[in-house]
Amino acid sequence: MKTMILNDYGPDAAFTPTETERPSVKPGHVLVRVKATSVNTVDTMIRDMGKDLPLSPDLPAILGMDFAGIVEEVGEGVAGFAVGDEVYGCAGGLADLQGALAEYMLADARLIAPKPTSLSMREAAALPLVGITAWEGLHRAGVGRGQKVLVQGGAGGVGHVAVQLARHLGAEVWSTGTGEAKRAAIEALGATPIDYQAETVEAYVAAHTGGAGFDMVFDTVGGENMTNSFAAAALNAQVVSTVALLALDLSPAHFKGLSLHVVFMLLPMLHDVGREAHGAILAELAKLVDAGAVKPLLDEQRFGLAEVGDAYARLKSGEAMGKVVVEI
């Protein structure tokens, strides 16, 4: 089968077209013919940092976590999937799990779900990692009707899904973003845009919450921005972060009584614990997509399998809006 393989790690490491043996189906798994895969920040981190990240696969490596495709073979013990089914999921590209930058991929059936019927393969491949992350963060924080929610980075991968899911749950949503295109995208998703370069945290908290702060802050930016999330949060509020890899003074969180949730959705894949939860979330997410409550936001640039390096560069440039997708 055709694959794009990494033989080295590092920011300049190139993806090499390589013919490899097609995986054999095994119990509890399905073999999927991959039609599309999306690029996530964690994918670029693995390529750049290699074994400095404990989740990186051994070389030579086939990356790519998200996918949409068609079931080619069904392993022993698998129920609910048949040959020819269109599916989507996040099931490889780390540790000892082969990724989706290939014609075929072996996927644990617990990690996948039927693809939303209203989406193309390209659109569906954009959703799994970011959709599960947004779902988990909002449900951990108990977001519900009447709450004021701030999503940091609402035109990005996790952010654009979090905005839509929070609105579906009945919250009133604001989101940070800068530049006319990103602010317009946030507004189109149903949130009130906040230009974080034009306004201080104190100014937009005062303008939109009367100074009380937001009931929940979903920080998809991470790093030092977490201090802004603490500043924007109300007393006893919930703060969710997807990027908490830093040393930080938690005093502001202490004096506001904040609850901090760190979402690392790769844990079921890494440790084979609770994988069925991901399949269940994807099935529910598909229902919301087909009902019109959630729609993936895709970057305007398109890439084929041979252009994986360009797709990674596009995401790292910071210029992409929504998800960067590679079609196989």
Where the side chain of S56 meets the backbone of G50, is there a donor-acceptor pair that is under 3.5 Å apart? yes
Consider only side-chain heavy atoms of I, L, V, M, F, W and Y, link residues closer than 4.5 Å, and tell whether I186 and V201 are in one cluster. no
Are the side chain of N40 and the backbone of D43 linked by a donor-acceptor contact shorter than 3.5 Å? no
Would you say that more than 12 heavy atoms from the other residues, nucleotides or ligands in this model lie under 6.0 Å from the CD of E187, or not? no
Give a yes or no answer on whether the side chain of D85 reaches the backbone of V87 with a donor-acceptor pair at less than 3.5 Å. no
Verify whether one side chain among K148 and T209 offers a donor that lies under 3.5 Å from an acceptor in the other. no
Can you list the steps and then say if K295 with E123 is a salt bridge (charged side-chain N to carboxylate O under 4.0 Å, His left out)? CA-CA 9 Å; K295 183 176 177 60; E123 291 170 321; 3.7 Å; yes
Atom NZ of K51 with >12 non-hydrogen neighbours under 6.0 angstrom: yes
Can you check whether A124's main-chain N or O pairs, donor with acceptor, with K115's side chain at less than 3.5 Å? no
Under the side-chain contact (heavy atoms from CB on, under 4.5 Å) rule, what do V34 and M1 come out as? Steps first, then yes or no, please. CA-CA 11 Å; V34 181; M1 66 175 180; over 6 Å; no
For the CD1 atom of I62 and the CE atom of M105, what is their distance to the nearest 0.5 Å? 10.0 Å
Can you check side-chain contact (heavy atoms from CB on, under 4.5 Å) on D299 and V325, steps first, answer last? CA-CA 8 Å; D299 187 56; V325 178; over 6 Å; no
Side-chain contact, heavy-atom cut-off 4.5 Å: L150 with I194? yes
Shortest non-hydrogen separation from L282 to G89 and the atoms involved: CD1-CA, 3.7 Å
Counting N and O atoms only, with roles assigned by atom type, does the side chain of E72 sit under 3.5 Å from a partner on the main chain of L31, one being a donor and the other an acceptor? no
Are any non-hydrogen side-chain atoms of E73 and R22 less than 4.5 angstrom apart? yes
Tell me the closest heavy-atom pair linking S38 and D66, and the distance in Å. OG-OD2, 2.8 Å
Evaluate the side-chain proximity of M4 to V326: yes if any heavy-atom separation is below 4.5 Å, no if none is. no
Keeping R275 on the side-chain end and M269 on the backbone end, is there a donor-acceptor pair under 3.5 Å? yes
ring-ring contact (aromatic ring centres under 6.0 Å, His included), paired with W174, selected from Y196, F218, F214: F214
Hey, does L6 have a side-chain heavy atom less than 4.5 Å from the side chain of L63? yes
Distance-only check: which donor-acceptor pairs under 3.5 Å involve side-chain atoms of residues 9-18, not counting sequence neighbours?
unit_1	atom_1	unit_2	atom_2	d
Y9	OH	P57	O	2.6
T18	OG1	T16	O	3.1

Please answer: with hydrophobic residues joined when any side-chain heavy atoms are less than 4.5 Å apart, are V83 and I112 in the same cluster? yes
Worked check of side-chain contact (heavy atoms from CB on, under 4.5 Å) between T176 and Y204: CA-CA 10 Å; T176 59; Y204 67 68; 4.2 Å; yes
Other residues, nucleotides, ligands: >12 heavy atoms within 6.0 Å of E19 CD: yes
Minimum heavy-atom separation for A286 to P114, with atom names? CB-O, 3.9 Å
Between K256 (side chain only) and A237 (backbone N and O only), is there a donor and an acceptor less than 3.5 Å apart? no
What closest approach, in Å, do V32 and A107 show between heavy atoms, and which atom pair accounts for it? CG2-CB, 4.5 Å
Quick one: does any side-chain atom of H139 pair with a main-chain N or O of E136 as donor and acceptor, under 3.5 Å? no
Out of curiosity, L270 CG to D96 CG, how far, rounded to the nearest 0.5 Å? 9.5 Å
When you measure from the side chain of H168 to the backbone of A293, do you find a donor-acceptor pair of N or O atoms at a distance under 3.5 Å? no
So, do M265 and I281 sit near enough that their side-chain heavy atoms are less than 4.5 Å apart? no
Using the rule that two of Ile, Leu, Val, Met, Phe, Trp, Tyr join whenever any of their side-chain heavy atoms come within less than 4.5 Å, decide whether V243 and V240 are in one cluster. no
Ionic contact status for K287 with E284, cut-off 4.0 Å: yes
Which atoms form the tightest heavy-atom contact between V173 and A166, and what is the distance? CG2-CB, 3.7 Å
Please determine, by modelled atom types, if S118 and D290 share a side-chain donor-acceptor pair under 3.5 angstrom. yes
Looking at E276, is its backbone amide N or carbonyl O close enough to the side chain of H278 to form a donor-acceptor pair, meaning the two atoms are under 3.5 Å apart? no
Taking V25 as the starting point, is it possible to reach F81 by hopping between hydrophobic residues whose side chains are less than 4.5 Å apart? no
Surrounding CZ of R167 (heavy atoms of other residues, nucleotides or ligands, distance under 6.0 Å), is the total greater than 12? no
Any side-chain heavy atom of L285 within less than 4.5 Å of one from L165? yes
When rounded to the nearest 0.5 angstrom, what is the spacing between CG in L94 and CE in M45? 12.5 Å
Within this structure, what is the CE-NE2 distance for the pair M216 and H261, rounded to the nearest 0.5 Å? 7.5 Å
Side chains of S229 and Q152, heavy atoms from C-beta outward: is any pair under 4.5 Å? yes
Give the C-alpha distance, both sets of side-chain angles, the deciding distance and a yes or no for side-chain contact (heavy atoms from CB on, under 4.5 Å) between L288 and Q164. CA-CA 10 Å; L288 293 181; Q164 295 175 82; over 6 Å; no
Heavy atoms of M226 and S241 approach each other most closely as CE-OG, 3.4 Å
So how far is it from L235 CG to F255 CZ, rounded to the nearest 0.5 Å? 13.0 Å
Atom CE of M321 and atom CD of E300: how far apart are they, to the nearest 0.5 Å? 7.0 Å
Spell out, yes or no, whether W135 and V42 are grouped together once hydrophobic residues are joined by side-chain heavy atoms under 4.5 Å, including indirect joins. yes
